[in-house]
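Let me begin by presenting the structure, written as structure tokens, before commenting on it.
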Amino acid sequence: CDFMVQLKCLKENKIKRHKSSETIKAKKQLKRWQEIFNNARWGLVICTGKTAKLKNINPAFAHMHGFVPDELKDRSLLSLFINQERDKAQLYLNESVKQGHYSFDSFHEHKDGHSFPVHIDITRVQSKTRKFLYSIVNVQDISERVKIESKLKKAKQDAEAANLAKSEFLATMSHEI
């Protein structure tokens with residue numbers, strides 16, 4: 001009988017060690033995700049509800065908009081779009097609801113009032129029963145990309161204009177000869 005009690009105690013200790021080991025692993029994993037969220041160089045927010053209220057805001061997102069994270073808590077994601085883009089942004093948010101994921105380019109407004117181009121990627125997270133839990137929103141300031149694209153477009157137009165001028169010059173010269 002004493003052997004059975006010892007066996008039972010051994011099993012219970014093994015279960016406790018296993019659960020403790022799983023808890024430690026889960027805490028390490030949670031810490032890693034927290035570090036990723038806090039140190040990512042792109043804006044990350046977790047939004048809830050139909051109005052996309054900002055609940056968790058990483059420092060990069062806040063900095064991009066001229067705020068600290070606590071200043072943005074519970075604001076609507078839509079409030080960060082420039083006025084001219086809010087109706088479209090609402091349509092895009094609705095599309096993310098339908099599809100579960102949606103990406104688009106738009107313009108956000110900085111705390112100081114200037115606007116800047118952003119690329120937004122929204123993923124809705126649902127429970128196993130398909131109940132909406134929250135949205136993960138990834139926002140990247142694409143100002144540099146837009147500048148480079150603009151320079152490339154201008155360079156292409158200049159090259160095409162130069163090519164047309166060259167063609168006209170050669171046509172004129174061959175006609176003169």
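Here the structure is a predicted model, which is why all the values come from computation and not from measurement.
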Pair listing, salt bridge (charged side-chain N to carboxylate O under 4.0 Å, His left out) test, anchored in residues 112-128, at least two apart: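 Residue pairs with at least one partner in residues 112-128: there are none.
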
Pairs meeting criterion salt bridge (charged side-chain N to carboxylate O under 4.0 Å, His left out) with involvement of residues 53-74, two or more places apart: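 For residues 53-74: K55-D74, E71-K111.
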
Can [Y] be reached from [X] by stepping across I, L, V, M, F, W or Y side chains whose heavy atoms are under 4.5 Å apart?
{"X": "I36", "Y": "W42", "result": "no"}
{"X": "I82", "Y": "V45", "result": "no"}
{"X": "L133", "Y": "I46", "result": "yes"}
{"X": "F104", "Y": "L77", "result": "yes"}

What closest approach, in Å, do [X] and [Y] show between heavy atoms, and which atom pair accounts for it?
{"X": "L54", "Y": "C47", "result": "CD2-SG, 3.6 Å"}
{"X": "R86", "Y": "L78", "result": "NE-O, 3.0 Å"}
{"X": "P69", "Y": "P59", "result": "CG-CA, 4.1 Å"}

SB check D141 R41 (cutoff 4.0 Å):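 No salt bridge links D141 with R41.
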
Residues forming a salt bridge (charged side-chain N to carboxylate O under 4.0 Å, His left out) with K151, sequence neighbours excluded: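 With sequence neighbours excluded, K151 shows a salt bridge (charged side-chain N to carboxylate O under 4.0 Å, His left out) to no residue whatsoever.
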
Counterpart residues, salt bridge (charged side-chain N to carboxylate O under 4.0 Å, His left out), relative to E85 (two or more places apart):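 Here the qualifying residues are K88.
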
Could you tell me whether the side chain of [Y] reaches within less than 4.5 Å of the side chain of [X], counting heavy atoms only?
{"X": "I122", "Y": "H101", "answer": "no"}
{"X": "F116", "Y": "M64", "answer": "yes"}
{"X": "I120", "Y": "Y92", "answer": "no"}
{"X": "K147", "Y": "E144", "answer": "yes"}
{"X": "T123", "Y": "N138", "answer": "no"}
{"X": "F61", "Y": "L44", "answer": "no"}
{"X": "N58", "Y": "N56", "answer": "no"}
{"X": "V118", "Y": "D105", "answer": "no"}

[atom2] on [Y] to [atom1] on [X], rounded to 0.5 Å:
{"X": "L80", "Y": "S106", "atom1": "CG", "atom2": "OG", "value": "11.0 Å"}
{"X": "S143", "Y": "F107", "atom1": "OG", "atom2": "CZ", "value": "8.5 Å"}
{"X": "K153", "Y": "I148", "atom1": "NZ", "atom2": "CD1", "value": "16.0 Å"}
{"X": "Y102", "Y": "E95", "atom1": "OH", "atom2": "CD", "value": "5.5 Å"}
{"X": "L91", "Y": "S96", "atom1": "CG", "atom2": "OG", "value": "11.0 Å"}

Q34-N38 side chain donor-acceptor pair, cut-off 3.5 Å: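 On atom types as modelled, these side chains do not qualify, holding no pair under 3.5 Å.
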
CD (Q29) with more than 12 external heavy atoms under 6.0 Å: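 No, because the 6.0 Å sphere around CD of Q29 holds 12 heavy atoms or fewer from other groups.
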
H63 NE2: over 12 foreign heavy atoms closer than 6.0 Å: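 No, because the 6.0 Å sphere around NE2 of H63 holds 12 heavy atoms or fewer from other groups.
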
S127 side-chain N/O to T129 backbone N/O, donor-acceptor pair under 3.5 Å: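 At least one qualifying donor-acceptor pair exists.
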
From H108, H114, H110, residue fulfilling ring-ring contact (aromatic ring centres under 6.0 Å, His included) relative to H65: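 The ring-ring contact (aromatic ring centres under 6.0 Å, His included) with H65 is passed solely by H108 among H108, H114, H110.
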
Results of ring-ring contact (aromatic ring centres under 6.0 Å, His included) for H119 - residues two or more places apart only: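 Result, ring-ring contact (aromatic ring centres under 6.0 Å, His included) vs H119: none returned.
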
Partners passing ring-ring contact (aromatic ring centres under 6.0 Å, His included) against F67 (at least two apart in sequence or in another chain):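 Expected list: none.
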
